[in-house]
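Okay, structure first, notes after.
Worth saying up front: this structure is predicted, and the values here are computed from it rather than measured.
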Amino acid sequence: MPFGWMKNILGRKKEEETVMYIIAGLGNPGRKYAQTRHNAGYEAIDRLADKYGIRIETEKFRALTGTGVIQGQKVLLMKPLTYMNASGESIRAACDFYKINPEEAFTVLYDDISLPPGQLRVRAKGSAGGHNGIKNIIQHLGTQVFTRVKIGVGEKPQEYDLVDYVLGHFPEEEWPAMTEAFSRAADAAAMLLTEDVQTVMNEYNTHLSK
């Protein structure tokens, strides 16, 4: 019995160590933040998990995580529970544990107020662009070189406070476009596992039809 128990533990450890890629969706935990603009990354990662039958329910690295196979690669999906502005703490811990080089095997999905609602923008690298979650990830990873899938949530109206805007909910008329965008963002993240960034950019960095 003791030997069998140890064998199971070693088997699980070996399985975990085979993770080849990390995909994170950014957001804030808790029901009050569900379906808000700032949780676009959570929404997209949930679509990705559903499509590939991955359960994101194990709490590790201060995140909800789930492992599975996407496009032939063993992938860790994660939703940091640190709240948006400390997302990098969670992601750095996961990268360190699995010995993942974020410049080669990490993608993050998140909201972008500079894009119209539902428009996507795939990038291979770049600055935080005013997004505090990305700023914290850059700080903790020590690099700006990692792929990202930005999900447009619309520009803040002049009379709005930025925090109130990103923590606000989508108006009903925008929800169909956002639902489609979450699914497309998930597909873009999956495509990044097998295609070069330029190919994925050509496929997804298109303007919405008027």
Steps toward side-chain contact (heavy atoms from CB on, under 4.5 Å) verdict (K79, D46): CA-CA 9 Å; K79 297 162 65 174; D46 284 343; 3.0 Å; yes
Within the 6.0 Å centroid threshold, strictly below: F182 and Y42: no
Between H131 and H38, ring centroids under 6.0 Å: yes
Between [X] and [Y], what is the shortest heavy-atom contact and its length?
X	Y	value
P80	G25	CD-O, 3.4 Å
M78	S90	CE-OG, 3.2 Å
L109	A44	CD2-CB, 3.7 Å
V122	N205	N-OD1, 2.6 Å
V197	R123	CG1-C, 4.4 Å
A94	L76	CB-CD2, 4.1 Å

Point-to-point distance, once rounded to the nearest 0.5 Å, from [atom1] of [X] to [atom2] of [Y]:
X	Y	atom1	atom2	value
N132	M84	CG	CE	9.0 Å
I91	I23	CD1	CD1	12.0 Å
N39	N28	CG	CG	5.5 Å
H140	E89	NE2	CD	4.5 Å
L141	I134	CG	CD1	9.5 Å
I56	L77	CD1	CG	5.0 Å

Short side-chain to backbone donor-acceptor contact, N136 and G88, under 3.5 Å: yes
Heavy-atom donor-acceptor pair, T65 side chain to T58 backbone, under 3.5 Å: yes
K74 to Y98 six-membered ring, cation-pi geometry met (6.0 Å, 45°): no
Geometric cation-pi criterion R37 and Y165, 6.0 Å radius, 45° cone: yes
Chi angles and distances behind the salt bridge (Lys or Arg N to Asp or Glu O under 4.0 Å) call for K51, D187: CA-CA 9 Å; K51 183 169 184 177; D187 291 342; 2.9 Å; yes
Derivation of the side-chain contact (heavy atoms from CB on, under 4.5 Å) call for Q71 and Y52: CA-CA 9 Å; Q71 305 287 17; Y52 290 93; 3.8 Å; yes
Stepwise side-chain contact (heavy atoms from CB on, under 4.5 Å) check, T67 with V75: CA-CA 6 Å; T67 56; V75 175; over 6 Å; no
Salt bridge (Lys or Arg N to Asp or Glu O under 4.0 Å) partners for E57, two or more places apart: R55
F170 and W175 aromatic ring geometry - parallel, tilted or perpendicular at 30°/60° bounds: tilted
Aromatic plane relationship, Y33 with Y83 - under 30° parallel, 30 to 60° tilted, over 60° perpendicular: perpendicular
Listing, residues 142-157 side-chain donor-acceptor contacts under 3.5 Å, not counting sequence neighbours, or none:
unit_1: T143; atom_1: OG1; unit_2: E103; atom_2: OE2; d: 2.7
unit_1: T143; atom_1: OG1; unit_2: V145; atom_2: N; d: 3.0
unit_1: T147; atom_1: OG1; unit_2: F106; atom_2: O; d: 3.0
unit_1: T147; atom_1: OG1; unit_2: T107; atom_2: OG1; d: 2.5
unit_1: R148; atom_1: NE; unit_2: F146; atom_2: O; d: 2.9
unit_1: R148; atom_1: NH1; unit_2: G126; atom_2: O; d: 3.4
unit_1: R148; atom_1: NH1; unit_2: S127; atom_2: O; d: 3.3
unit_1: R148; atom_1: NH2; unit_2: G126; atom_2: O; d: 3.0
unit_1: R148; atom_1: NH2; unit_2: Q144; atom_2: O; d: 2.8
unit_1: K156; atom_1: NZ; unit_2: Y160; atom_2: O; d: 2.8

Path from L64 to I54 over hydrophobic side-chain contacts below 4.5 Å: yes
Heavy-atom side-chain proximity of V108 to I22 below 4.5 angstrom: no
Side chain to side chain, Y204 and R121, heavy atoms closer than 4.5 Å: no
Test side-chain contact (heavy atoms from CB on, under 4.5 Å) applied to Y21 and I100, L193, I70, the passing residue: L193
Polar side chain donor-acceptor pair, Q198 to N202, under 3.5 angstrom: yes
Neighbour count >12 (heavy atoms, 6.0 Å) for atom CD, E159: yes
Enclosure of E172 CD (heavy-atom neighbours >12, cutoff 6.0 Å): no
